[in-house]
Colleague: 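The structure is given below, and queries will be raised subsequently.
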Amino acid sequence: MPELPEVEVVRRGLARWVTGARIGPVEVAHPRPVRRHLPGIADFCARLAGTVIQDAVRRGKFLWLPLDSGEALLAHLGMSGQLLLAGDGVADERHLRVRVRLSVPDPGGGPPAISQLRFVDQRMFGGLAVVPLVATPDGLPAGIGGVWEPSAPLLPPPVLHIARDPLDPHLDESALVERLRRRRTGIKRALLDQTLLSGVGNIYADEALWRARLHYARPTEGLSRPAVRRLLAAVREVMGEALAEGGTSFDSLYVNVNGESGYFDRSLAVYGQQGRPCPRCGATVRRDAFMNRSSFTCPRCQPRPRNG
DNA sequence: CGAAGCCCCTGTTCGC
DNA sequence: TGCGAACAGGGGCTTC
């Protein structure tokens, strides 16, 4: 499943390889991934055809390509989505949902010559839409990327309520710490609340809580400022490590755009590790049902709060 | 406004 | 061997 560091690697690959590309005909093989484009499939295709991609920008797990039409192609990969660059000779993937034909003026040596952007998604939680771009409420850059800006920083409306993510240099950490401490809920719920902080999914929440030695049910009420800051530092740390691995595991970003990740299977201390020893203290990692999901903790490093 | 729960989706794995 | 249930989970949406 694509997590924030992988989405960032995809963003970098797209920025590198398709900035300046002109979009040609668009084929929608399955209507579901375009369901959030309310005017329909024909309108989706018509708005894309003939435009030129200006940039690739990301906030949390939302990714968009600003177009010279003033609109943007907005993407969310959901659980199983991939954005792949391909040449015409590459066989269609089994779950190919949308094909965007491209003409890339300067292929720049990416083998083979890129002529398609493909949205491949088995489970179709993710999707694409063509959306307008509106000014960011705070006047600051919309997210990561955004080298190209017409005059003011711009954001797709569906991303307006999404908070900045841990990799965003404009994240106001002090304000976040205070907002989080005013919440009356468990710390993992708060960590997963995209209106507070975006891009943290179940895996990174569990890994960061383990590093900060906090149980997922620990009430936000009563968490000290330093404790919250330690947790945010842990989130940033684990994501930074994953990004470093994703960025160095392969020779070129072109490969990473094609959906590879170097992070999982390694480096995970607790997520998916039930029954195995905690890497820090050796106690047996446990798995609990929480929020209709799984939560993994070390019972010794992360003791359950009395009233949790 | 905040908190919490439901639901969407399909391939894989597991239990009977 | 076959079949249905459980599971994976981000985020939109609804309700209180």
Colleague: By nearest nucleotide on DNA chain B, pick out whichever of A:D193 and A:R293 is the more 5' one.
Modeller: A:D193

Colleague: When you check the side-chain N and O atoms of A:Y216 and A:R189, is any donor under 3.5 Å from an acceptor?
Modeller: no

Colleague: Ignoring backbone atoms, establish whether A:R123 has a side-chain N or O less than 4.0 Å from OP1 or OP2 of C:dA8.
Modeller: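 The answer is no; no side-chain N or O of A:R123 sits under 4.0 Å from OP1 or OP2.
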
Colleague: Could you state the atom-to-atom distance from CG of A:L77 to P of B:dT10 in whole Å?
Modeller: 18 Å

Colleague: Do the side-chain N or O atoms of A:R32 get closer than 4.0 angstrom to the phosphate oxygens (OP1, OP2) of B:dC9?
Modeller: yes

Colleague: Could you tell me the separation between the CG atom of A:D168 and the CD1 atom of A:I144, rounded to the nearest 0.5 Å?
Modeller: 4.5 Å

Colleague: Reckon A:R184 has a side-chain N or O less than 4.0 Å from the OP1 or OP2 of B:dA4?
Modeller: no

Colleague: Touch check for A:G201, heavy atoms < 4.0 angstrom, all strands: base, sugar-phosphate only, or nothing?
Modeller: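 If one applies the 4.0 Å heavy-atom cut-off, A:G201 turns out to touch the sugar-phosphate alone, with no base involved.
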
Colleague: Between C:dG12, B:dT10, B:dA4, spot the one nearest the side chain of A:R189, thanks.
Modeller: B:dA4

Colleague: Where the side chain of A:E3 is defined as all heavy atoms beyond and including C-beta, which of B:dG2, C:dG10, B:dG11 is the nearest nucleotide?
Modeller: C:dG10

Colleague: In whole Å, I'd like the distance from the CE atom of A:M79 to the C1' atom of B:dC7.
Modeller: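 That distance rounds to 14 Å.
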
Colleague: In terms of side-chain heavy atoms of A:F62, which of C:dG10, B:dT10, C:dG11 is nearest?
Modeller: C:dG11

Colleague: Using atom NE2 of A:H161 as one end and atom P of B:dG2 as the other, report the distance to the nearest whole Å.
Modeller: 13 Å

Colleague: In whole angstroms, how far is the C1' atom of B:dT10 from the CE atom of A:M124?
Modeller: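 So the two atoms are 7 Å apart, to the nearest Å.
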
Colleague: Base, sugar-phosphate, or nothing for A:S294, non-hydrogen atoms under 4.0 angstrom?
Modeller: sugar-phosphate

Colleague: With a 4.5 Å limit on heavy-atom distance, are the side chains of A:L155 and A:V57 in contact?
Modeller: no

Colleague: Is the CZ atom of A:R276 crowded by more than 12 outside heavy atoms at less than 6.0 Å?
Modeller: no

Colleague: Among B:dG11, B:dG2, C:dG12, find the nucleotide with the atom closest to the side chain of A:R94.
Modeller: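 Taking heavy atoms from C-beta onward, the closest nucleotide is B:dG11.
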
Colleague: Just call it for A:H30: base, sugar-phosphate, or nothing, with non-hydrogen atoms closer than 4.0 Å on any strand.
Modeller: nothing

Colleague: Reckon A:R287 touches a base, only the sugar-phosphate, or nothing at all at heavy-atom distances under 4.0 Å?
Modeller: sugar-phosphate

Colleague: Kindly say if A:H76 contacts the phosphate of C:dG12, meaning a side-chain N or O under 4.0 Å from OP1 or OP2.
Modeller: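 For C:dG12, OP1/OP2 do not have a side-chain N/O of A:H76 under 4.0 Å.
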
Colleague: A:Q274 has an atom CD; how far is it from atom P of C:dC7, in whole Å?
Modeller: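 After rounding, the gap between these two atoms is 12 Å.
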
Colleague: Output the rounded distance in Å from CD (A:Q194) to P (B:dA3).
Modeller: 14 Å

Colleague: Choose from B:dC9, B:dA4, C:dG12 the nucleotide whose nearest atom is closest to any side-chain atom of A:R36.
Modeller: C:dG12

Colleague: For A:R181 and B:dG2, what is the distance between atoms CZ and C1' respectively, to the nearest whole Å?
Modeller: 18 Å

Colleague: Any strand counts, and the cut-off is 3.5 Å on both contacts for Watson-Crick or G-U wobble. Which nucleotide pairs with B:dC6?
Modeller: C:dG12

Colleague: Have A:R229 and A:S174 got a donor and an acceptor in their side chains that come within less than 3.5 Å?
Modeller: yes

Colleague: Could you check which of C:dG12, B:dC6, B:dA4 has an atom nearest any side-chain atom of A:N292?
Modeller: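 The listed nucleotide nearest to A:N292's side chain is B:dC6.
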
Colleague: When you compare the side chains of A:D68 and A:T51, does any donor N or O come within less than 3.5 Å of an acceptor on the partner?
Modeller: no

Colleague: Roughly, in whole Å, what's the span from CG in A:D206 to P in C:dA8?
Modeller: 11 Å

